[in-house]
2 protein chains.
Amino acid sequence: MSPRPPKTSVTDRLRDDILAGSLAPGTRLIEIQLTDRYGVGRAAIRSAIVELDKEGLVVREANRGAKVRAISVEEAIEVYEARAALEGLMARHAAREATKLEREELRALVPGMREAVERDAPTRFAALGRDLHERVSQIGRHRVARHLIDTLRNQSRGHPDRLSAIPARPEQSLAEHIAIIEAICSGDADEAQAAVERHIESIIATLRRDAD
Amino acid sequence: MSPRPPKTSVTDRLRDDILAGSLAPGTRLIEIQLTDRYGVGRAAIRSAIVELDKEGLVVREANRGAKVRAISVEEAIEVYEARAALEGLMARHAAREATKLEREELRALVPGMREAVERDAPTRFAALGRDLHERVSQIGRHRVARHLIDTLRNQSRGHPDRLSAIPARPEQSLAEHIAIIEAICSGDADEAQAAVERHIESIIATLRRDAD
DNA sequence: AGACTCCGGATTGTATACGATCCCGGGTGC
DNA sequence: GCACCCGGGATCGTATACAATCCGGAGTCT
């Protein structure tokens, strides 16, 4: 048994490269070149491009090839609006269905967040934010919403708004996160949904401001 | 210029066949067979299957082939919940952005609906329902939401809930439709969103009832 | 000069052929 | 009888080769 490399799919590798910014928006994705880059045949590349097109990370034009999608601020705002609707739904479910243990684990995130803000560690704070999101998605137990949210998150990542992923005002973001956690833990579904929506709306507001 | 065959893509034809029920849920999609059925090479079939997998109409298992997806009632409910969130968002936008002309056109749908219910023509009523939906989607001018909604609608079509697509109680459905139209036409964004959510919630309630 | 035509290169789209993987049934040993 | 092993057949996965399409630029006619 040779230590077989886990053999992550070409689609995953390409997606990661796009999200990491190693393939900038607008870059043409030429099948032969990618064949070379990833060491697989054109068929695999082709399939990966089709998939990522459906995920909204790539645009394909007939007979003209594909390129990494560049989304405008307007589109980014739409993505966030859709996320607000779906993540609101997810939070609502989470508030209803969280177990006692899950609520405790959620609350346990707060001290770390506070600390990250106090020590001015935005990267760490952002990581905890992703963590919070991931937990809520698990707790909500809503596979359809989860899948859509994940796709949308990828779309709004790494593009013109990359900066706003690290929020301008961590204090506000912290307060919003705490509100979300509190609502879910206390089982208040309406408030959980509203808190998530407010949080994302405030991101949208920042986006709008920066767009001017 | 020979009358060129409109040449609709294999993906579209396969999708249509699935939605029309000509390929029942659970049917194995064997590439060679489809090659024969649609008169194209395996590559095209393959690509179509990948796309429809991403659209949620087909499930693919590695090295085991693809089959038409059969969704359970629980999944159907999740799909409707996600739709409620997104179509609510869409209605909210529509209420804000509809032009005068668009509002008139929306209202013009009401008499036909009334008539369809009075004359007990459920098929016609369902068609008008789809029409209403299409109009609202156009008016809302929200491409991201629109795309997601369309995908979700396809998922919940033609499956165990096909029956409920023709609503059990047209009178209630009619009232809900009118409420949606009125809210959008009067520019009440909150009420438009709420009306759409109520409408879809009532579909979910029917689904839940039938599941027992 | 301007616009039109046509050709060459680059790239995608498609067909064919081969190799890899998996399920399933029969056989074998205990 | 039962568990295990192993080979055959079907089907997916991938590489290779070729045809179709499109873009850009040189050349030409007015």
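Per chain, numbering begins at 1; letters A, B, ... match sequence-line order. Remember, predicted model here, so these are calculated numbers, not experimental data.
- A salt bridge links Glu134(B) with Arg146(B): the closest approach of a Lys/Arg side-chain nitrogen to an acidic carboxylate oxygen falls below 4.0 angstrom.
- Salt-bridge formation is detected for the pair Glu31(B)/Arg46(B): a Lys NZ or Arg NE/NH1/NH2 atom is positioned less than 4.0 Å from an Asp or Glu carboxylate oxygen.
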Each nucleotide of nucleotides 10-16 of chain D classed B (base within 4.0 Å of a protein heavy atom), S (only sugar-phosphate) or -, in 5' to 3' order, makes -SBBBS-
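- Checked against the 6.0 Å centroid criterion, the rings of Phe125(B) and His177(B) qualify as a close aromatic pair.
- Remark: Asp17(A) engages Arg37(A) in a salt bridge, criterion side-chain N to carboxylate O under 4.0 Å.
- Nearest heavy atoms, Ala189(B) versus Ala95(B): CA-CB, 3.7 Å.
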